[in-house]
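Down below is the structure, laid out as structure tokens.
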Amino acid sequence: MVNQSKESKITLLGAGPGDPDLLTLKGVKALQTADVVLYDALTNEALLEHAPAEAIKVYVGKRSGEHSYPQDTINKLMIDYALNYGHVVRLKGGDPFVFGRGYEELDYAASYSIPVDVIPGISSSIGVPGLQQIPVTHRGLSESFWVITGTTTSGEVSNDIYQAAESNATVLVLMGLKKLARIVEIFKAAGRHNLPAAVVQNGSAADEKLVVGVVETIENLAKQENVKAPALLIFGEVVSLHPSFKTLVKQYASIA
Ligand code: SAH
């Protein structure tokens, strides 16, 4: 049913890292007034229950690693639905502006003069370590953090990783699991063999998995535990605060 009497508007909504209870209250309210929800692969479908039963729900995520919906198609769908149905909620994993292509969508909507509201979400980059009780900063251990992509548009590891590996910052790598070997090499080249490191698979979800080690061991540990995407890589002294890191150190000490 096309309802042209409704005002067109778009809400770019961050869904948080996976657990549906990690959506903001403002996000719930936006979903309650949605006429259409366009949602990504990394958003929990349970969130759709906040939307009215009659709202149109469209999956625009990737299937088996393929971009089933090119960004261009998503942009056009979003405009088309907003013009014809009213309020489109564009539900995106984590925060819309952390490797979420949110600004491209905002820009596209602006070119049609459709108003856009942005509702931030808990980014996996900070939320996933936090849920593991790994702080991204901690007095005396880390004064800053970098959030870097492991896979740029050209398919390469971001060049920023070279500088990050030389720094004392906590380094959080998104979309980096397939590049773990390469990233580990970069840290080793910077002499950081013993830097604490962790990999978290699907943080806050039922199949969450965590491996904790150091730069030297983390790749093998992730392989042994068969860690799968989506996964966050965490490098930094703050990982040593995790309880399993202390056990690890004791094990090393008993071998040595
Ligand atoms: N906008 C999102 C990130 C999109 S890029 C955010 O702010 O979280 C997608 C990457 O994010 C994944 O490849 C993975 O590296 C990371 N990611 C997203 N959700 C995750 C989760 N629940 N656990 C671990 N990593 C996650």
Side-chain angles (χ1 to χ4, degrees), residues 11-24 27 38-47 59-69 71 74 89-106 118-134 136 145-158 160-161 164 170-184 197-212 218-219 221-222 225-236 239 242:
T11 303
L12 274 186
L13 171 57
D19 177 346
D21 283 356
L22 290 173
L23 178 69
T24 59
L38 297 181
Y39 63 102
D40 276 355
L42 291 178
T43 59
N44 193 316
E45 292 199 13
L47 293 176
Y59 177 82
V60 291
K62 291 183 209 170
R63 293 201 195 275
S64 56
E66 297 292 317
H67 281 281
S68 58
Y69 286 86
Q71 188 63 41
I74 296 175
V89 172
R90 178 68 181 102
L91 186 61
K92 302 171 81 71
D95 183 88
F97 291 154
V98 178
F99 300 118
R101 307 189 71 171
Y103 196 80
E104 294 169 46
E105 296 177 10
L106 187 142
V118 177
I119 304 180
I122 297 176
S123 176
S124 61
S125 54
I126 304 178
V128 166
L131 287 161
Q132 295 295 340
Q133 305 188 10
I134 298 174
V136 291
F145 56 90
W146 292 55
V147 178
I148 308 182
T149 179
T151 314
T152 60
T153 26
S154 62
E156 296 302 312
V157 169
S158 165
D160 294 349
I161 291 191
T170 304
V171 182
L172 306 152
V173 186
L174 278 71
M175 298 175 279
L177 187 62
K178 281 194 181 146
K179 297 280 166 57
L180 184 55
R182 177 79 198 101
I183 293 166
V184 159
V199 181
V200 190
Q201 165 188 305
N202 219 357
S204 86
D207 63 341
E208 172 178 288
K209 207 183 259 183
L210 166 82
V211 292
V212 173
I218 197 70
E219 193 195 345
L221 290 170
E225 296 298 322
N226 195 22
V227 174
K228 295 256 177 355
L232 178 76
L233 317 180
I234 313 171
F235 296 91
V239 174
H242 192 272

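First listed ligand is number 1; within each ligand, the first listed atom is number 1. Along the sequence shown, residues carry numbers from 1.
- Looking only at distances, no side-chain donor or acceptor of Ser123 sits under 3.5 Å from a matching main-chain atom of Ile126.
- Judged by distance alone, with hydrogens and angles left aside, the side-chain atoms of Ser124 form no donor-acceptor pair with the main-chain N or O of Val128 at under 3.5 Å.
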Under a 3.5 Å threshold, I'd like every N/O contact between ligand 1 and protein atoms, with atom names and distance.
residue  : atom   : partner : partner atom : Å
ligand 1 : 1 (N)  : Gly93   : O            : 2.9
ligand 1 : 1 (N)  : Asp95   : O            : 2.9
ligand 1 : 1 (N)  : Val98   : O            : 2.6
ligand 1 : 7 (O)  : Asp95   : N            : 2.9
ligand 1 : 7 (O)  : Ser123  : OG           : 2.8
ligand 1 : 8 (O)  : Ser124  : N            : 2.8
ligand 1 : 8 (O)  : Ser124  : OG           : 2.7
ligand 1 : 15 (O) : Met175  : N            : 2.8
ligand 1 : 15 (O) : Ala231  : O            : 2.7
ligand 1 : 17 (N) : Ser124  : OG           : 3.2
ligand 1 : 22 (N) : Pro17   : O            : 2.8
ligand 1 : 22 (N) : Gly203  : N            : 3.3
ligand 1 : 22 (N) : Gly203  : O            : 3.0
ligand 1 : 23 (N) : Gly203  : N            : 2.8

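- Ion pairing between a basic and an acidic side chain is recognised when a charged N comes within 4.0 Å of a carboxylate O; Lys209 and Glu225 show no such pairing.
- Between the side chain of Lys179 and the backbone N or O of Gly155 there is at least one donor-acceptor pair closer than 3.5 Å.
- Each of Asp160, Leu172, Val136 was evaluated against Trp146; a single residue qualifies, Asp160, per the side-chain contact (heavy atoms from CB on, under 4.5 Å) test.
- Residue Leu91 is tested with Thr11, Asn44, Leu13 for a side-chain contact (heavy atoms from CB on, under 4.5 Å); the sole match is Leu13.
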